[in-house]
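Sequence lines set the chain letters: A, B, ... in the order given, protein chains first and strands last, and positions in each chain run from 1. Just so you know, these numbers use all the heavy atoms, side chains as well, and skip hydrogens, waters and symmetry mates.
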2 protein chains.
Amino acid sequence: MKFSKKSEYGLRALIELCETYGGRVLQRHEIAERQNIPVEFLEQILLALKRAGLLASRRGVRGGYSLIKSPEDITLGQVIRILDGPLAPISCVSKTAYQKCADCPYAATPSCPLQQAMGEVRDAIADILDHYTLSRFAHSK
Amino acid sequence: MKFSKKSEYGLRALIELCETYGGRVLQRHEIAERQNIPVEFLEQILLALKRAGLLASRRGVRGGYSLIKSPEDITLGQVIRILDGPLAPISCVSKTAYQKCADCPYAATPSCPLQQAMGEVRDAIADILDHYTLSRFAHSK
DNA sequence: ATTTTTGTCTAGTGAGTTGCTCAAGTTTTG
DNA sequence: CAAAACTTGAGCAACTCACTAGACAAAAAT
């Protein structure tokens, strides 16, 4: 029941990018150094965040990455879903990636006892992470 | 951010064992058949739950497994921690298995921004799972 | 007492994921 | 053009997950 390094690194990188939001761009090695993240691995993460529309990048000599959305419009939930997939602890309670359990004897049944409990967990997690914005990270150093 | 099959199977097995609590014992193949769980894998799970003091077992001809504690004294949190380890989404916010992050630049700092958010998540998950008892599963079929 | 029926324990295994590296690009600027 | 940056894709070692296999131990039935 853990988040991956990818999510953790991604969030730490975004903390860094929040600091310079509106100002200059940050290069991958700057972020990597400040946050102790292997540069090439970080790159994959930044790319994923870029494809998801959170970051912009510029190549070339004075290139780098910058936030494309305001920190208060980015939630931890968004970021984690991009990098780690759905938040739900079991897929039959995911709202973004629902999948009927193949082997569960309650799958056909109107109510699965596990599903109820796990649904509560999912909602609690999503409730926090989908309302927690990057702006709460700003100037936290 | 998912629970393992181990936890899921374990909980489903316990649902089954709740049904017969106080009555007869259940054999591994009975549980396995009713819940569609590979029998040898289930065994490992039952053994782990036994070692943790939740189940009793009897060998031999009319052997099997039975709950040793009342369903209302067993929480989902306990079970999941036995089978899946700590609930915390990152180990620096675990209460049962805390570990300082090696690479995080905020590790030395009084407050890590991620830690705060993840701590909330951990508490929310634990709050639900540590108060959700197996008795809420009883006679759910 | 022996056989059968069950649980106990340890080890192994194949597939997939995680965390990371490398190399060969392409784009931009000086 | 050369240097500095991002881009893309392939590759890989280590680990974990889900499961399997097999030898063994105990209890009951015969």
Please report the distance, rounded to the nearest Å, between [atom1] in [X] and [atom2] in [N].
| X | N | atom1 | atom2 | answer |
| --- | --- | --- | --- | --- |
| B:I31 | C:dG7 | CD1 | P | 9 Å |
| A:H29 | D:dC6 | NE2 | P | 8 Å |
| A:F41 | D:dA13 | CZ | C1' | 14 Å |
| A:E40 | D:dC6 | CD | C1' | 13 Å |
| A:R51 | D:dT7 | CZ | C1' | 9 Å |
| A:F3 | C:dG19 | CZ | P | 13 Å |
| B:K6 | D:dT16 | NZ | P | 12 Å |
| B:L42 | C:dT6 | CG | P | 15 Å |

Give one of base, sugar-phosphate or nothing for [X], where a contact means two heavy atoms less than 4.0 Å apart.
| X | result |
| --- | --- |
| B:Q27 | sugar-phosphate |
| A:Y9 | sugar-phosphate |
| A:K50 | sugar-phosphate |

5' precedence on DNA chain C between A:V39 and B:S57 (nearest-nucleotide basis):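 Looking at DNA chain C, the more 5' nearest nucleotide goes with B:S57.
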A:R59 vs A:R62, nearer the 5' end of DNA chain C by closest nucleotide: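 Between the two, 5'-proximity favours A:R59.
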Under-4.0 Å salt bridge between A:D84 and A:K5: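 Judged by the 4.0 Å cut-off on N to carboxylate O distance, A:D84 and A:K5 do not form a salt bridge.
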B:Q44 (side chain) and D:dT20 (base): donor-acceptor pair under 3.5 Å: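 Such a pair exists between side chain and base.
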Under-4.0 Å side-chain N/O to phosphate OP1/OP2 contact, A:R58 with D:dA4: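 Looking at the OP1 and OP2 atoms of D:dA4, neither is under 4.0 Å from any side-chain N or O of A:R58.
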B:D103 versus A:Y9, side-chain donor and acceptor atoms under 3.5 Å: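 Yes - a donor-acceptor pair under 3.5 Å links their side chains.
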Residue pair A:Y106 / B:Q35, side-chain donor-acceptor N/O under 3.5 Å: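 Yes, a side-chain donor-acceptor pair sits under 3.5 Å.
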Any donor-acceptor N/O pair, B:E8 side chain to B:F3 backbone, under 3.5 Å: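 Flag not set: sc B:E8 to bb B:F3 has no pair under 3.5 Å.
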Criterion side chain to side chain contact (heavy atoms under 4.5 Å, CB included) against B:L134, the qualifying member of B:I15, B:L54, B:L76: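 Going through the options one by one, the only one that passes is B:L76.
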